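The structure under discussion appears below in the form of C-alpha cells.
If you're wondering where the values come from, they're calculated on a predicted model, not measured in any experiment.
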Amino acid sequence: MLSRKRSTTAVALGATAVVMLSGCSSAVEVAPAPLANGDVCRAAASAWPAEVGDHPRREVSDEGAGTAYGDPPVIARCGVPALGPTTDDCIEVDGLGWVAQRLSDGTRFTTFGRDPAIEVLVPKAYAPEPLLLPAFSAAAERLPTNGLACR
C-alpha cells in the first residue's frame, strides 16, 4: 500500500556514484556506497529479491556493491548515509519510509528512518516507479531504524 507523506526539514542529498552500464560487458557497473561493507548491508543484501517486477537479477560488476534488474537496469545498493529530516516527498510502502527524488532519467528512492540506508534507482521506463519498491521491503527491513518516519 502506498501513501504520500512529507517530512518537514530540508536536507542536502549527496551525489550517487553509480554508472549504468559498462562498455563491452553485460554486467551492470555498480559503485559501492560508503557504508556498504558492514554486517548490516551484508544482511540486507542476503534479502535482495530474485526479480523486480518481471525482471530477473542481472550480473553486476561488484557483488558487494549492490544488485540490478532488467534493462535499463533498476539498481539497488545498501550503505548510503541515512537521510535526516527532509522536505522531499516521503512515501510509505509496506510500512517502510522511502524518500523520492526525481532525476532526469527516473527516480532515486532512499529508505527513510533506516541507518544505513538503501538506495534504489528506477529508470522512467518502469513508471510508475514506486510500484517496484515492495520488492525491496525484505532487504530494507533488515536495516536498523533510527527513529525517523515519514510524516
Side-chain angles (χ1 to χ4, degrees), residues 1-5 7 11 13-21 26-86 88-103 105-151:
M1 179 171 101
L2 300 177
S3 64
R4 190 171 199 87
K5 298 183 179 187
S7 295
V11 67
L13 294 174
T16 301
V18 176
V19 177
M20 297 307 271
L21 295 172
S26 64
V28 178
E29 288 287 328
V30 180
L35 307 170
N37 292 327
D39 290 339
V40 171
C41 281
R42 278 190 284 284
S46 72
W48 291 136
E51 63 180 35
V52 172
D54 294 332
H55 307 285
R57 217 164 153 177
R58 292 186 54 188
E59 180 182 349
V60 293
S61 59
D62 179 349
E63 288 295 325
T67 188
Y69 306 85
D71 186 17
V74 172
I75 297 173
R77 58 190 198 137
C78 180
V80 298
L83 298 176
T86 180
D88 289 331
D89 288 340
C90 190
I91 58 174
E92 284 189 6
V93 178
D94 293 339
L96 298 163
W98 293 89
V99 170
Q101 181 184 29
R102 290 277 175 211
L103 305 173
D105 58 349
T107 305
R108 173 189 3 235
F109 295 98
T110 307
T111 53
F112 188 69
R114 302 289 170 153
D115 191 1
I118 288 176
E119 171 185 77
V120 179
L121 300 171
V122 183
K124 284 181 185 177
Y126 299 101
E129 294 93 334
L131 293 181
L132 297 182
L133 293 177
F136 299 100
S137 293
E141 287 171 344
R142 294 182 181 221
L143 301 174
T145 60
N146 64 11
L148 297 176
C150 293
R151 304 222 184 271

Q) Can you find a pair of side-chain heavy atoms, one from V120 and one from L132, that are under 4.5 Å apart? A)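 Sidechains of L132 and V120: no contact.
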Q: Compare all side-chain heavy atoms of C90 with those of V99 and state whether any distance is below 4.5 angstrom.
A: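 C90 reaches V99 side chain to side chain.
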Q.
More than 12 heavy atoms of other residues, nucleotides or ligands under 6.0 Å from CG of N37: yes or no?
A.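 No - once you tally the heavy atoms of other residues, nucleotides and ligands closer than 6.0 Å, there are 12 at most.
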State the [atom1]-[atom2] distance between [X] and [Y], to the nearest 0.5 angstrom.
| X | Y | atom1 | atom2 | result |
| --- | --- | --- | --- | --- |
| R77 | C41 | CZ | SG | 10.5 Å |
| E119 | L83 | CD | CG | 9.5 Å |
| L121 | L103 | CG | CG | 6.5 Å |
| Q101 | T110 | CD | OG1 | 7.5 Å |
| R114 | R142 | CZ | CZ | 12.0 Å |
| F109 | D89 | CZ | CG | 9.5 Å |

[X] versus [Y], closest heavy-atom pair with distance:
| X | Y | answer |
| --- | --- | --- |
| D71 | Y126 | N-OH, 3.3 Å |
| P34 | V80 | CD-CA, 4.5 Å |
| V52 | P49 | CG2-CG, 3.9 Å |
| L96 | A140 | CD1-CB, 3.8 Å |
| H55 | Y69 | O-CD2, 3.7 Å |
| P130 | P134 | O-CD, 3.7 Å |

Q. So, N146 side chain and L148 main chain: donor-acceptor pair closer than 3.5 Å or not?
A.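 Pair found, side chain donor or acceptor close to backbone of L148.
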Q.
Walk me through whether W48 and I118 qualify under side chain to side chain contact (heavy atoms under 4.5 Å, CB included).
A. CA-CA 11 Å; W48 291 136; I118 288 176; 4.1 Å; yes
Q: Start with the C-alpha distance between F112 and I91, add both sets of side-chain angles, then the distance that settles side chain to side chain contact (heavy atoms under 4.5 Å, CB included), and finish with yes or no.
A: CA-CA 9 Å; F112 188 69; I91 58 174; over 6 Å; no
